[in-house]
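For reference, the structure is listed below as structure tokens.
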Amino acid sequence: MEFLLVFSLHFFIMGSFVLLISGLITFFIKRLHFIFVIFLSMFAGYLYAFLFEAPDIAWFATVYNGILSLIAVGLIKAGLYVKEKAEQI
């Protein structure tokens with residue numbers, strides 16, 4: 001039970017960092033392809049699971065980070081697109 005409590009807190013913190021870092025990378029480095037940012041976040045989740053010696057949840061960490069990174073990249077790209085269209089109008 002304690003294992004789930006500790007790792008749920010870790011995944012909440014890791015998810016927050018993934019959203020923040022992926023969003024910042026996408027906002028400031030616009031020419032970087034979004035797939036690279038997502039794969040980098042997935043790799044970070046994989047390393048995170050092995051850093052805490054929990055290889056059984058490495059697949060969950062990679063998928064979790066990938067989804068959160070995709071959400072952050074999508075929100076930033078949509079915001080930049082709307083900003084560009086608003087300037088054209």
Side-chain angles (χ1 to χ4, degrees):
M1 183 66 183
E2 294 85 17
F3 176 79
L4 291 175
L5 180 64
V6 169
F7 272 101
S8 65
L9 180 63
H10 278 268
F11 279 116
F12 178 73
I13 293 169
M14 180 179 62
S16 300
F17 280 129
V18 165
L19 283 169
L20 179 68
I21 299 299
S22 295
L24 288 175
I25 289 172
T26 305
F27 185 75
F28 288 115
I29 308 173
K30 294 176 181 71
R31 296 186 50 92
L32 188 64
H33 202 272
F34 74 95
I35 295 292
F36 180 74
V37 176
I38 294 170
F39 281 145
L40 186 65
S41 297
M42 291 173 77
F43 183 67
Y46 184 76
L47 287 178
Y48 188 82
F50 277 99
L51 179 69
F52 285 100
E53 297 174 359
D56 296 337
I57 60 171
W59 64 272
F60 175 73
T62 57
V63 171
Y64 180 73
N65 280 359
I67 290 171
L68 288 178
S69 180
L70 185 63
I71 290 170
V73 169
L75 287 173
I76 297 297
K77 292 284 186 180
L80 291 173
Y81 176 75
V82 168
K83 178 184 173 186
E84 179 184 321
K85 288 299 177 183
E87 288 175 357
Q88 286 180 358
I89 293 175

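Predicted model, so just to flag it, every value in this text is computed and none were measured.
- In this structure, Y46 shares a hydrophobic cluster with F50, the cluster being traced through Ile, Leu, Val, Met, Phe, Trp and Tyr side chains under 4.5 angstrom apart.
- In this pair, F11 and F60 present their aromatic rings perpendicular. The plane angle is above 60°, beyond the 30 to 60° band.
- In this structure, K77 forms no cation-pi arrangement with Y81, as its terminal cationic atom is not both closer than 6.0 Å to the ring centre and no more than 45° off the ring axis.
- Here the closest heavy-atom approach between residue L68 and residue L19 is recorded as O-CD2, 3.2 Å.
- Taking the six-membered ring where the residue is Trp, the centroids of Y48 and F52 are separated by under 6.0 Å.
- Under the 4.5 Å side-chain heavy-atom criterion for Ile, Leu, Val, Met, Phe, Trp and Tyr, L70 and M42 are members of the same hydrophobic cluster.
- Two residues are said to be in side-chain contact when any heavy atoms from C-beta on lie closer than 4.5 Å; F27 and L80 meet this criterion.
- In this structure, L24 CG and I29 CD1 are separated by 9.5 Å, a value rounded to the nearest 0.5 Å.
- For NZ of K83, the number of neighbouring non-hydrogen atoms (other residues, nucleotides, ligands) closer than 6.0 Å is 12 at most.
- Under a hydrophobic clustering in which Ile, Leu, Val, Met, Phe, Trp and Tyr are joined whenever their side-chain heavy atoms come within less than 4.5 Å, directly or via other members, M14 and I57 fall into the same cluster.
- Interatomic distance, I21 CD1 to N65 CG, rounded to the nearest 0.5 Å: 11.5 Å.
- Following chains of ILVMFWY side-chain contacts shorter than 4.5 Å, one cannot reach F36 starting from F43, and the two form parts of different hydrophobic clusters.
- The two residues S69 and V37 come nearest to each other via the heavy atoms OG-O, 3.8 Å.
- Here the CD1 atom belonging to I76 is positioned 14.5 Å from the CZ atom belonging to F34, to the nearest 0.5 angstrom.
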Candidate pair L32 and I25, rule side-chain contact (heavy atoms from CB on, under 4.5 Å), full reasoning: CA-CA 8 Å; L32 188 64; I25 289 172; 3.7 Å; yes
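- Rounded to the nearest 0.5 angstrom, F12 CZ and F17 CZ are separated by 11.0 Å.
- Shown here for A61 and G45, the closest heavy-atom pair between the two residues is CB-O, 3.3 Å.
- Residue I89 holds its CD1 atom at 11.0 Å from CD of E84, rounded to the nearest 0.5 Å.
- Proximity of a side-chain donor or acceptor of S22 to a complementary backbone N or O of V18 within less than 3.5 Å is detected.
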